[in-house]
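One-based numbering along the sequence shown. Just so you know, ligand 1 is whichever comes first in the structure, and atom 1 is the first atom listed for that ligand.
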Amino acid sequence: MTRSMGYPIRPLAPSDYSLVISVVNAWWGGRNMADMIPKLFFIHFQQTSFAVEHQGELIGFLIGFVSQTFRDEAYIHFVGVHPDFRQHHIGQNLYEAFFQTVKMLGCVRVRCVTSPINKGSIAFHQKMGFVIEPSEKSVDGVCMAENYDGHGGDRVLFCKHF
Ligand SMILES: CC(C)(COP(=O)(O)OP(=O)(O)OC[C@H]1O[C@@H](n2cnc3c(N)ncnc32)[C@H](O)[C@@H]1OP(=O)(O)O)[C@@H](O)C(=O)NCCC(=O)NCCS
């Protein structure tokens with residue numbers, strides 16, 4: 001177990017599933033996110049997914065995995081921090097725990113995507129050293145892949161090389 005600003009980081013477990021899906025919509029400002037985190041992530045990706053606790057309460061989590069197609073590449077599917085605990089480098093420490101783990105598994109780069117409306121996520125990922133993939137579509141100077149996640153589902157694509 002590592003520590004994030006005094007908050008312990010541990011592997012995410014199947015027993016975290018119910019709690020995570022009960023808080024994510026609120027943590028994402030009311031957007032419906034719970035359907036995007038099926039239980040399989042809590043079962044099959046425990047080695048590369050992490051939770052942060054404070055006084056026994058879950059206050060942050062990261063779900064990621066190593067690509068089966070591109071063995072030297074990792075992907076972060078979800079990261080969330082309790083609104084009362086943001087800007088304390090918990091997200092950063094979750095990312096660093098993930099980077100450390102996937103480097104040991106042979107990865108040389110990490111990818112993730114976010115919605116163009118999620119300006120906080122875009123700023124956070126740029127702080128974490130991710131660069132936005134070039135794309136034909138750009139809004140307010142931010143490149144995004146059009147319809148990446150279905151019709152109307154434009155996404156900002158990030159990549160970070162170690
Ligand atoms: C994005 C999120 C995970 C960041 O977590 P966090 O613990 O608050 O972030 P950290 O404190 O580790 O921030 C690391 C750096 O990013 C910056 N940062 C974090 N959130 C930011 C924001 N909303 N706007 C601008 N910068 C931000 C911090 O200032 C810090 O920079 P510094 O090193 O210069 O101090 C958190 O805001 C969150 O859970 N948001 C809702 C869920 C979400 O959008 N997840 C991402 C998409 S899956």
Q: Is atom 22 (C) of ligand 1 less than 4.0 angstrom from at least one protein heavy atom?
A: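 It does: a protein heavy atom is found less than 4.0 Å away from atom 22 (C) of ligand 1.
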Q: From atom 41 (C) of ligand 1, work out which of R86, Q126, E96 has a heavy atom at the shortest distance.
A: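 Ranked by closest heavy atom to atom 41 (C) of ligand 1, first place is R86.
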Q: Report yes or no: does a heavy atom of M128 sit under 4.0 Å from some atom of ligand 1?
A: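 Yes.
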Q: Counting the benzene-type ring for Trp, do H77 and F45 have ring centres under 6.0 Å apart?
A: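 They do not qualify: ring centres at least 6.0 Å apart.
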Q: Starting from atom 34 (O) of ligand 1, find the nearest protein heavy-atom neighbour and note its residue, name and distance.
A: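 Looking only at protein heavy atoms, the one closest to atom 34 (O) of ligand 1 is K127 NZ, 2.7 Å.
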Q: What is the closest protein heavy atom to atom 7 (O) of ligand 1, and at what distance does it sit?
A: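 Checked against all protein heavy atoms, atom 7 (O) of ligand 1 sits closest to G91 N, 2.8 Å.
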Q: Where is the nearest protein heavy atom to atom 28 (C) of ligand 1: which residue, which atom, and how far?
A: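 Of every protein heavy atom, Q87 OE1, 3.3 Å lies nearest to atom 28 (C) of ligand 1.
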Q: Counting each atom of ligand 1 from 1 as listed, which ones have a heavy atom of H88 under 4.0 Å away?
A: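 So the atoms of ligand 1 that pass are 11 (O).
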Q: Identify, for atom 44 (O) of ligand 1, the protein heavy atom at the shortest distance, and state residue, atom and that distance.
A: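 Looking only at protein heavy atoms, the one closest to atom 44 (O) of ligand 1 is N118 ND2, 2.7 Å.
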Q: Around atom 5 (O) of ligand 1, find the nearest protein heavy atom and jot down its residue, atom name and distance.
A: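 The protein heavy atom lying closest is V81 CG2, 3.7 Å.
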Q: Determine, stepwise, if the pair K39 / D16 fulfils salt bridge (charged side-chain N to carboxylate O under 4.0 Å, His left out).
A: CA-CA 9 Å; K39 189 160 187 174; D16 294 313; over 6 Å; no
Q: Counting heavy atoms only, which of G29, G80, G120, A123 is nearest atom 26 (N) of ligand 1?
A: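 Nearest option to atom 26 (N) of ligand 1, by heavy atoms: A123.
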Q: Would you list the atom pairs, donor with acceptor, under 3.5 Å between side chains in residues 151-162 and any protein atom, with sequence neighbours excluded?
A:
unit_1, atom_1, unit_2, atom_2, d
D154, OD1, N147, N, 2.9
D154, OD2, K137, NZ, 2.5
R155, NE, D149, OD2, 3.0
K160, NZ, M128, O, 3.0

Q: Just distances here: any N/O of Q92 and N/O of ligand 1 closer than 3.5 Å?
A: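 Checking ligand 1 against Q92, an N or O pair does fall under 3.5 Å apart.
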Q: Donor-acceptor pair, Q46 side chain versus I43 backbone, under 3.5 Å?
A: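 Checked: pair present.
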Q: What side-chain donor-acceptor pairs closer than 3.5 Å can you find for residues 55-67, not counting sequence neighbours?
A:
unit_1, atom_1, unit_2, atom_2, d
S67, OG, T69, N, 3.1
S67, OG, F70, N, 2.8

Q: Considering non-hydrogen atoms of the protein only, which is the closest contact for atom 4 (C) of ligand 1, and what is the distance?
A: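 It is F124 CD1, 3.6 Å.
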Q: Starting from atom 35 (O) of ligand 1, what is the nearest protein heavy atom, named by residue and atom, and what distance separates them?
A: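 Minimum-distance protein heavy atom for atom 35 (O) of ligand 1 reads H89 NE2, 3.1 Å.
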Q: Using a 4.0 Å cutoff against the non-hydrogen atoms of W27, which atoms of ligand 1 qualify?
A: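 Going through ligand 1 atom by atom, the ones under 4.0 Å from W27 are 41 (C).
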Q: Classify the ring geometry of Y7 against F85: parallel below 30°, tilted from 30° to 60°, perpendicular beyond 60°.
A: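 If you compare the ring of Y7 with that of F85, the planes turn out perpendicular.
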Q: I want to know whether Y95 and F124 have ring centres closer than 6.0 Å.
A: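 Centroid separation for Y95 and F124: below 6.0 Å.
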Q: Is the side chain of H44 donor-acceptor paired with the backbone N or O of L40 at a distance under 3.5 Å, no angle test?
A: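 Such a contact is absent between H44 side chain and L40 backbone.
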Q: Hey, does V108 have a side-chain heavy atom less than 4.5 Å from the side chain of E73?
A: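 A side-chain contact under 4.5 Å is absent here.
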Q: Is there side-chain contact between W27 and R86, with heavy atoms separated by less than 4.5 Å?
A: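 Side chain of W27 against side chain of R86, heavy atoms only: contact under 4.5 Å found.
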Q: Checking a contact table here: which protein heavy atom is nearest atom 47 (C) of ligand 1, and how many Å away?
A: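 Protein heavy atom at minimum distance: S121 OG, 3.5 Å.
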